[in-house]
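So that the names make sense, note that chain A is the first sequence line, chain B the second, and so on, each numbered from 1.
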Amino acid sequence: MRTSQYLLSTLKETPASAEVISHQLMLRAGLVRHLASGLYTWLPTGLRVLKKVENIVREEMQRAGANEIMMSMVQPADLWKESGRWDDYGPELLRLSDRHKRDFVLGPTHEEVITKLVANELNSYKQLPLNVFQIQTKFRDEIRPRFGVMRGREFLMKDAYSFHLDDACLEKTYQIMFDAYCRIFERLELNFRPVIADTGSIGGEKSHEFHVLAESGEDDIAFSNASDFAANIEKAEALAPQGERAIASQALETVELKLERLIKTTDVDIKNTVKTIIVLGDTDEEPTKNFVALVLRGDHQLNEIKAENISGVHAPLTLATDEQVSAVANCHSSSLGPKGLSVPVIVDRSAAHLSDFACGANQNGYSFTGVNWERDCADITVADIRNVVEGDPSPCGQGSIVIKRGIEVGHIFQLGNKYAQAMNCAVLNEGGKNQTLTMGCYGIGVSRIVAAAIEQNHDQYGIKWPKAIAPFQVAIVPMNMAKSARVKETAEALYEQLSNAGIEVLFDDRKERPGVMFADHELMGTPLLLVVGERNLDTQEVELKNRITGEKSLLAIDNVMSLFN
RNA sequence: CGGUGAUUAGCGCAGCUUGGUAGCGCACUUGGUUUGGGUCCAAGGGGUCGCAAGUUCGAAUCUUGCAUCACCGACCA
């Protein structure tokens with residue numbers, strides 16, 4: 001490709017709306033352009049990268065025995081009503097109707113369509129297991145699109161679905177997919193980690209996320225500093241503190257200070273206090289009485305996922321309003337405490353290990369000190385409802401927790417039979433009986449990977465693409481071609497030779513000054529530059545510049561092809 | 001949806017307080033100059049100041065409404 005024919009579109013200045021570095025560089029290097037909130041146009045350079053990621057994903061899926069298909073992005077609402085997700089999915093599901101007023105959705109994912117297809121196509125256990133995938137545009141009407149294509153509303157995703165007669169078979173395919181994902185991210189040269197994950201709204205039992213480690217990531221990942229253990233913080237278990245709880249030694253006292261003031265103005269340590277949060281319960285009692293109290297150590301944070309998975313707690317987790325808090329405890333939320341509450345009390349393991357602690361007194365402006373479980377507050381349930389923090393013992397039993405930020409680029413689930421049951425997806429088993437299938441599903445955010453790769457591979461000059469996904473393998477940069485016939489001839493000859501050999505080469509034939517060309521290629525992140533100039537032509541050499549290492553060396557023109565063997 | 005802020009040339013911004021001729025840098029066009037790291041000089045093109053209504057002789061500027069975009073929370077590949 002010649003730059004004179006190419007939509008280069010680089011920007012010198014950073015558009016003000018771009019927050020993270022990958023978004024800035026994607027705009028500046030001319031990979032994408034903003035169309036509307038969460039919607040982007042992919043320019044030639046960006047599309048080249050996207051296609052490369054896509055192809056690596058496709059190759060590894062095929063190697064893992066998955067069949068590529070393509071499903072419609074527009075899906076009939078009836079299917080979603082059948083699975084129950086028409087009601088469950090919420091406003092993130094973009095709904096539309098056609099000219100006949102029939103309801104449709106823009107597919108955020110394709111479980112319904114694929115399960116219906118497989119239900120119709122498969123009849124016998126002999127056809128199992130089956131794994132199918134597609135690489136398709138998805139649409140999710142995100143509440144808050146941000147960070148460019150990292151969280152767009154329309155995005156490219158690889159989604160695979162596997163079908164099995166039993167869980168043992170699903171487990172096997174799950175492992176194959178796990179390995180395939182590792183291969184994919186290794187080929188993409190990304191610093192990634194598989195982490196144990198929550199299954200979220202898709203439902204199911206076992207699940208891993210694949211995270212690219214980056215400061216700009218939106219998830220907190222808990223690692224062990226002594227083993228392979230890694231889990232999304234949503235899912236990382238906070239172990240109960242070691243040892244016996246200290247024996248009560250203080251008497252219960254009432255203090256005329258809010259808990260917050262008590263911590264600030266006295267020597268009471270926040271780690272020896274508990275905070276109490278009232279949330280909606282999940283029982284059939286009349287709504288005015290249906291609440292649960294969650295109790296955490298003062299310095300800990302509530303883990304909403306863990307909390308809403310506890311029976312009796314309403315999912316999704318819903319905080320009580322100020323009025324509801326007053327109705328439950330006759331005080332403001334800042335003076336809440338576990339003692340004497342009439343609602344079920346769920347206490348985090350760490351908070352339950354305290355003795356002689358301080359807490360709100362359920363009376364505005366008052367606290368208790370010297371509080372002890374059992375003696376002062378007996379009827380409680382102990383559970384793990386907090387986020388792990390750095391330094392906690394790792395749940396794997398080895399080492400302690402370290403927390404890093406990650407960008408979720410892949411997610412694999414063991415779905416079970418939720419969709420198969422709803423969509424009546426079954427085959428005849430060996431005994432001739434109808435048997436509902438069990439499913440796995442496996443997603444990769446293809447367009448998000450492009451952004452994640454930039455987050456991990458850039459410097460002050462621009463993008464430093466991993467070789468496997470660089471838009472061009474090499475660029476030819478002639479010095480002052482307009483003035484030197486020798487330079488022009490050499491550059492043209494090199495270009496022809498490389499193009500004929502099928503190498504993705506960008507020939508910068510613009511009439512630009514060297515600085516402009518160098519800056520553009522560095523911004524775009526082309527791994528290799530061949531600089532053709534009068535300076536080295538007497539010896540029949542060109543300069544080779546490596547974008548990643550910054551190394552410069554001289555290379556005989558006759559040897560250029562050897563770079564690509 | 002809630003909270004905050006923004007909207008003036010393709011991009012980055014000034015002008016608004018105190019109403020009166022729409023400006024700067026980059027980019028773009030033309031001519032010259034320069035040519036191994038975003039040269040320099042000169043001339044030029046490009047704007048219903050987000051939209052609508054109001055106040056006024058007169059609105060980018062004041063008032064009201066709406067839209068869009070971004071940031072902080074819930075969602076997720």
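- In this structure, A:F518 forms no aromatic stack with the base of B:G38, since the conditions of centre separation below 5.5 Å and plane angle below 30° are not both met.
- Picking from B:G36, B:A74, B:A77 the nucleotide with the shortest atom distance to the side chain of A:R144 gives B:A74.
- Counting any heavy atom pair closer than 4.0 Å across all strands shown, A:V531 reaches a base atom.
- Here B:G37 presents its P atom at 19 Å from CG of A:D459, a figure rounded to the nearest Å.
- Base engagement by A:N536 is indicated by at least one non-hydrogen atom pair under 4.0 Å involving a base atom.
- Listed nucleotides B:C69, B:A77, B:G37 differ in distance to A:E522; the shortest reach to its side chain belongs to B:G37.
- An OP1 or OP2 oxygen of B:A27 is reached within less than 4.0 angstrom by a side-chain nitrogen or oxygen of A:K12.
- No N or O donor and acceptor, one from the side chain of A:R140 and one from the base of B:C76, sit under 3.5 Å apart.
- Using a 4.0 Å cut-off between charged nitrogen and carboxylate oxygen, A:E111 and A:R85 count as a salt-bridge pair.
- Between A:F210 atom CZ and B:C76 atom C1' the separation is 17 Å, expressed in whole Å.
- At a threshold of 4.0 angstrom between heavy atoms, the contacts of A:E534 with the nucleic acid are absent.
- Distance noted for atom P between B:U8 and B:U61: 14 Å (whole Å).
- On the P atoms, B:C24 is 13 Å away from B:G45, given to the nearest whole Å.
- A:G443 comes within contact range of no nucleotide atom at all, as no heavy-atom separation falls under 4.0 Å.
- Using a 4.0 Å heavy-atom cutoff across all strands shown, A:A519 reaches at least one base atom of the nucleic acid.
- Per the geometry, CZ belonging to A:R146 stands 9 Å off C1' belonging to B:G73, to the nearest Å.
- Spacing between B:U33 and B:C41 at atom C1', rounded to whole Å, works out to 8 Å.
- A cation-pi arrangement is not found for A:K206 relative to A:F413, the charged atom failing to lie both closer than 6.0 Å to the ring centre and inside a 45° cone about the ring normal.
- Rounded to whole Å, the C1' atom of B:G15 lies 33 Å from the corresponding atom of B:G2.
- What separates CG of A:L27 from P of B:A27 is a distance of 19 Å, to the nearest Å.
- Within the nucleic acid shown, A:A482 has no heavy atom closer than 4.0 Å to any nucleic acid atom.
- Separation of the C1' atoms belonging to B:C49 and B:U21 is 15 Å when rounded to the nearest angstrom.
- Between A:P471 and A:M524, the shortest heavy-atom contact is CG-O, 4.2 Å.
- When ring centroids are compared, A:F178 and A:F210 come within the 6.0 Å threshold.
- Comparing atom distances between the A:E408 side chain and each of B:C11, B:G36, B:A77 picks out B:A77 as nearest.
- When both pairing distances are held under 3.5 Å, B:C11 makes a Watson-Crick or G-U pair with B:G25.
- Between the CZ atom of A:R153 and the P atom of B:A77 there is a distance of 18 Å, rounded to whole Å.
- A:D520 comes within 4.0 angstrom of a base, heavy atoms only.
- A:K275 and A:D299 are not joined by a salt bridge, as no carboxylate oxygen comes within less than 4.0 angstrom of a charged side-chain nitrogen.
- Taking only side-chain atoms of A:E218, from C-beta outward, the nucleotide of B:G37, B:A77, B:C75 with the closest atom is B:C75.
- B:G45 is unpaired under the Watson-Crick or G-U wobble criterion, no partner having all donor-acceptor distances under 3.5 Å.
- Residue whose closest nucleotide on RNA chain B sits further toward the 5' end, between A:N480 and A:E304: A:N480.
- Distance noted for atom P between B:G46 and B:A59: 24 Å (whole Å).
- Look at the P atom in both B:C66 and B:G20: the space between them is 28 Å, to the nearest Å.
- Salt bridge present: A:D159 and A:K138 bring a charged side-chain N and a carboxylate O closer than 4.0 Å.
- OP1 or OP2 of B:A70 has not a single side-chain nitrogen or oxygen of A:H23 nearer than 4.0 Å.
- Considering every non-hydrogen atom in both A:A453 and A:W465, the closest pair reads CB-CZ3, 4.3 Å.
- As judged by a 4.0 angstrom heavy-atom cut-off over every strand, A:V516 is placed among the base-contacting residues.
- Across all strands shown, B:G54 forms a Watson-Crick or G-U wobble pair with B:C62, both key distances being under 3.5 Å.
- Taking the nucleotide of RNA chain B with the nearest heavy atom to each of A:R151 and A:F147, the more 5' of the two is matched to A:F147.
- The pairing partner recorded for B:G37 is none, the criterion being a Watson-Crick or G-U wobble arrangement whose two distances lie under 3.5 angstrom.
- Using a 4.0 Å heavy-atom distance criterion, A:G152 is classed as a base contact.
- Within the 4.0 angstrom heavy-atom criterion, no nucleotide atom of any strand lies near A:M481.
- Atom CD1 of A:I305 and atom C1' of B:A74 are 11 Å apart (whole Å).
- Across the strands present, B:G5 finds its partner in B:C69; the criterion is a Watson-Crick or G-U wobble pair with both atom distances under 3.5 angstrom.
- Checked against the 6.0 Å centroid threshold, A:Y161 and A:H110 do not count as a close aromatic pair.
- At a cut-off of 3.5 angstrom, counting only N and O atoms as typed in the model, there is no donor on one side facing an acceptor on the other between the side-chain of A:E512 and the base of B:G38.
- A sub-4.0 Å separation between OP1 or OP2 of B:G36 and a side-chain N or O of A:R535 is absent.
- A 3.5 Å limit on both hydrogen-bonding distances identifies no Watson-Crick or G-U partner for B:A74.
- Salt-bridge check for A:R187 with A:E59: passed, with a basic side-chain N closer than 4.0 Å to an acidic carboxylate O.
- The side chain of A:S37 contributes an N or O atom lying less than 4.0 Å from OP1 or OP2 of B:A70.
- Rounded to an integer number of Å, the gap from A:E209 CD to B:C76 P is 10 Å.
- Considering A:H411, A:E209, A:E408 as possible partners of A:N232, the one that fulfils the side-chain hydrogen bond (donor to acceptor under 3.5 Å, both in side chains) test is A:E209.
- Using Watson-Crick or G-U wobble geometry with both donor-acceptor distances under 3.5 Å, B:U17 finds no partner in any strand shown.
- Spacing of C1' atoms, B:U63 relative to B:U55, comes out at 7 Å, to the nearest Å.
- A:K483 comes within 4.0 angstrom of a nucleotide base, judged by non-hydrogen atoms across all strands.
- Rounded to an integer number of Å, the gap from CD1 of A:I143 to P of B:G2 is 13 Å.
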